[in-house]
Amino acid sequence: MKESSNKINKIWKTVLVIPKGKVASYGQIADLAGLPGRARLVGKALALAPKEMQLPWYRVLRSSGQLAFEKGSENAEKQKGLLQQEEVVVLNNRVKLKQFGWQPDLAEMLMGLKY
DNA sequence: GTATTGACTTCAT
DNA sequence: AATGAAGCCAATA
């Protein structure tokens, strides 16, 4: 088993913890996954995620609140749609982190630490 | 072993 | 607010 797969897996697990209706940044996910400074690795992990798997990759965006894709791109539009299904407002390719940014509470932090 | 790449972040214009 | 350079670090080539 490759270690790289381990990290990918860990990242997926962390993404799954993001509550519905909230969003988190790549860096934030990296931190929670125990991989500080690996924001880019998070992006890679999401890219590798098969779409058969139910992964809320669309709840992950840039630290600025912007979607990681260019406005108007296929992925950006899809992400926007999915987010709006989760009651998250997306305007001009970005989300107001002030309003929808995920701030992990104790229970959720424990979930990330328990293994 | 070195070089390139990337669904990122931060700081400086 | 928008744009660009530099920093970053594991995965690939």
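The phosphate of C:dA11 (OP1 or OP2) has a side-chain N or O of A:K7 nearer than 4.0 angstrom.
Residue contacts shown for A:S25 are limited to sugar-phosphate atoms, with no base heavy atom under 4.0 Å away.
In the 5' to 3' direction, nucleotides of DNA chain B lying under 4.0 Å from heavy atoms of chain A begin and end at B:dG6 to B:dT10.
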Where do N or O atoms of nucleotides 1-7 of chain C meet protein N or O atoms at under 3.5 Å, pair by pair?
{"from": "C:dG7", "atom 1": "O6", "to": "A:R40", "atom 2": "NH1", "distance (Å)": "3.4"}

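Between the C1' atom of C:dC8 and the OH atom of A:Y26 lies a distance of 17 Å, rounded to the nearest Å.
Put simply, CG on A:L32 and CD1 on A:I18 are 8.5 Å apart, with the number rounded to the nearest 0.5 Å. One finds the CD1 atom of A:I8 at 9.0 Å from the CG atom of A:L35 (value rounded to the nearest 0.5 Å).
Legend: residues meeting side chain to side chain contact (heavy atoms under 4.5 Å, CB included) with A:L97, ordered by chain and number and at least two apart, are A:V23, A:L61. Partners of A:R38 by salt bridge (charged side-chain N to carboxylate O under 4.0 Å, His left out), not counting sequence neighbours: none found. Scored by the side chain to side chain contact (heavy atoms under 4.5 Å, CB included) test, A:K71 finds A:N92, A:N93 as partners (sequence neighbours excluded).
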Next on the checklist: Using the rule given for side-chain contact (heavy atoms from CB on, under 4.5 Å), can you reason through A:R59 versus A:K20, listing the C-alpha separation, both sets of side-chain angles and the distance that settles it, and then say yes or no?
Outcome noted: CA-CA 8 Å; A:R59 292 183 189 148; A:K20 174 184 167 194; 3.6 Å; yes
Item to check | A:V17 vs A:W102, side-chain contact (heavy atoms from CB on, under 4.5 Å): CA-CA, chis, key distance, verdict | outcome: CA-CA 10 Å; A:V17 177; A:W102 177 41; 3.9 Å; yes
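Toward the 5' end of DNA chain C, the nearer of the two residues A:L48 and A:P36, judged by each one's closest nucleotide, is A:P36.
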Could you pull out all donor-acceptor pairs under 3.5 Å where a side-chain atom in residues 75-84 of chain A meets a protein atom, sequence neighbours excluded?
{"from": "A:Q79", "atom 1": "NE2", "to": "A:Y58", "atom 2": "O", "distance (Å)": "3.0"}
{"from": "A:Q79", "atom 1": "NE2", "to": "A:V60", "atom 2": "O", "distance (Å)": "3.3"}

